[in-house]
Amino acid sequence: MAEQIQTRASGASLNEQARQEHQLGVGISQSSTSATANTTAGSKTSNPKPRSIVWDHFTKLSLEQTKGEEKAKCHHCKSEFLCNSSSHGTNGMLKHLKRRHKWIFVEKNQSLIGVTEGEEGPGGRKTTVSISYNTEEIRKMLAIFVIEDEMPFSVVEGRGFRQFVNRLEPRFTVPSRRTITRDCYQLFLDEKCKLKEFLKKSCVRACLTTDCWTSIQNISYMCLTTHFIDENWRLQKRILNFSQIDNHKGETIGKEIDRCLREWGIENVFTITVDNASSNDVAISYLRRKLKNWNGLVCEGDYMHMRCAAHILNLIVNDGLKDLNPSIVSIRNAIRYVRSSPQRLQKFKQAAHAEKISSGASLCFDVPTRWNSTYTMLEHAIPFQKAFERLEDEDEGYVTWFKDDRQPSSLDWDNARAFVQFLKLFYEVTLALSGSLHVTANCAFDEIQTINELLVKWSENEVDCVLGTMACNMRNKFDKYWGKIENINPLIYIGIVLDPRYKLEYVNFICDANYEIGTATLLKKKIANTLWQLYNFYIQESHEVSQTSDDSASHEESVITKEGLADMGWLEISNAYATLLKFIAGRKAV
């Protein structure tokens, strides 16, 4: 009995040794195996050998698949290894896992070194960080990938995508499209809560921009964007709402904006920028009544309605396009022929090569509702005039294409050159005024006056009748919106007054140079009154905010009079000007 107990104890000890050697990746030697077999000989029961870790990541192949050789395939990279227990063992497979699939041996909470890219994209700055495996974090990044790259939810169920993710991180199970849909919606709710907190903390007064349009399915949509200066004096832009609306009526738009402002907790509004549709006048009137009840307006909302300068430019240019429309249509049809098939495009390239045209620009179509795309289309097409004329001589299909329409003539190309030359400035001004990530209020006045001078100059041009007629039409539309001083929001002038490069004296000089004496005097008075009114509003607001913390503040010492403003020429004051700037940004002065 004692010998039997000793024999079993020896066998158990050797089995424990074998298990430890397997876990460390060291195979049991042949002599140890023999010793174990001899020691346990004669015993009725024996413990099975422990299973190696490699078999969690390898599958043994059938002899038919391997032509009689004992082989195993890796689950992760499909590599095959010999696995005969007597001649090869598991050492080779274990080394493969340690070399090619190190993540298997990483502890759950152990971090790895990785490289992350900045917000600017692949070419931006890269940072080395410590990364640990986290399933929730990976699912969140997968949702961000679907949202930012505008991928369909079904992308996560694609075979190639799943193989790619499995190769990157085999421990992660790719969720279904329903799960990723819920993740994206939850991410939206989380980000919405964060944005509400950010607006509550940093957005003391907001400037809104809204626009409406109808999709090809005849569904009306409205988008609402806010711009504001945060506590660090940085310009912020956030999209607050993108929703479906019943129609484009002014009251409908006003109610939707009102609902959105209440949802986000925004009460203080400075301006609302809209296009020139008559329904927006109704919407602004509706919102002015609502915001007055919230005490959230500046100067009773007198300057709240801001007309979109880029939209006015679009209307001005479209009036100038009317007389040139036949020429533009003929050139557009020629471009449509070239781009209608690969064979025609190849013929066009051969014609351009034969004419030795070295322009690197490619032909493009325009969008009917955006005049600057028409400018771009003609600018790219003009260098290829000779190539189009060669197609007319050599390509019968090109001539047949214009059966019902006329081909571009020399007069059409001349009109296009005049159009491009004249509207280059309008194109540059539109780009300057369309910036959304930088302040544009201080440059609007300068750009408007530049366009005014150009229209006056070209409308008096007697040499080029085409340009003269086009400039006259555009000047009539310009006068409708910007020709009368009562139609211009005074904040356009205040923006350039507060620009240290220009100041009030510059604005007065421009007024005297571009308007009659009576009109210039009224305009300068209007600007001074607006500046005085805004200044006293912010001073009063600053004292209301700081009354509890500084009872010694004197309102009378800070208020400025109209006469004092006229004598200064510009806000040549120290503490009072600093107070004005701080409270224009919505921050309490120190």
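Between the side chains of Y303 and Q533, at least one donor N or O sits under 3.5 Å from an acceptor N or O.
C511 and I527 get closest at one heavy-atom pair: SG-CD1, 4.3 Å. Summarising the geometry of S362 relative to H380, their closest heavy-atom pair is O-ND1, 3.1 Å, with the distance given to 0.1 Å.
The only member of S327, P408, S330 that meets side-chain contact (heavy atoms from CB on, under 4.5 Å) when paired with W413 is P408. For the side chain to side chain donor-acceptor pair (under 3.5 Å) test with E355, the passing option among K386, Q350, R390 is R390; the others fail.
Taking a cutoff of 4.0 Å between a charged side-chain nitrogen and a carboxylate oxygen, K524 and D512 qualify as a salt bridge.
R339 contributes a side-chain N or O that, together with a main-chain N or O of L363, makes up a donor-acceptor pair within less than 3.5 Å. N489 places a side-chain N or O within donor-acceptor distance of the main-chain N or O of H305, the cut-off being under 3.5 Å. N241 places no side-chain N or O within donor-acceptor distance of the main-chain N or O of M222, the cut-off being under 3.5 Å. D499 places a side-chain N or O within donor-acceptor distance of the main-chain N or O of R501, the cut-off being under 3.5 Å. Of the possible polar contacts, one joining the W401 side chain to the N333 backbone as a donor-acceptor pair under 3.5 Å is found. At distances below 3.5 Å, at least one donor-acceptor pair connects side-chain atoms of N514 with backbone N or O atoms of I510. Of the possible donor and acceptor atoms, one in the side chain of S279 sits under 3.5 Å from a partner among the backbone N and O of H248. When atom types are taken as modelled, the side chain of R205 and the backbone of G296 share a donor-acceptor pair closer than 3.5 angstrom. Remark: side-chain polar atoms of N218 are not paired, donor with acceptor, to backbone N or O of T214 under 3.5 angstrom. A donor-acceptor distance shorter than 3.5 angstrom exists from the side chain of N318 to the backbone of N314, with no hydrogens or angles considered.
Residues F348 and F388 bring their aromatic ring centres within 6.0 Å.
Atom NZ of K457 has 12 or fewer heavy atoms from other residues, nucleotides or ligands within 6.0 Å. Residue Q217 places its CD atom among more than 12 non-hydrogen atoms of other residues, nucleotides or ligands, all under 6.0 Å distant. Within a 6.0 Å sphere centred on OH of Y185, heavy atoms belonging to other residues, nucleotides or ligands number 12 at most. By the neighbour-count criterion of 12 heavy atoms within 6.0 Å, atom NZ of K526 is densely surrounded, having more than that number from other residues, nucleotides or ligands. The neighbour count for E300 CD, taken as heavy atoms of other residues, nucleotides or ligands under 6.0 Å away, does not exceed 12. Annotation: I219, atom CD1; neighbour count of heavy atoms from other residues, nucleotides and ligands within 6.0 Å is above 12. Applying the 6.0 Å contact sphere to CD of E516 captures no more than 12 heavy atoms from other residues, nucleotides or ligands. Heavy atoms from other residues, nucleotides or ligands lying under 6.0 Å from CD of E396 number 12 at most.
Atoms CG and OH, on L531 and Y493 in that order, are 14.0 Å from each other to the nearest 0.5 Å. For the atom pair L224 CG and I266 CD1, the distance stands at 7.5 Å (nearest 0.5 Å).
By the 30° and 60° cut-offs, the orientation of the rings of F445 relative to Y506 is perpendicular.
For the pair K477 and W482, the cation does not sit on the ring face, since its NZ or CZ is not both under 6.0 Å from the ring centre and inside 45° of the axis.
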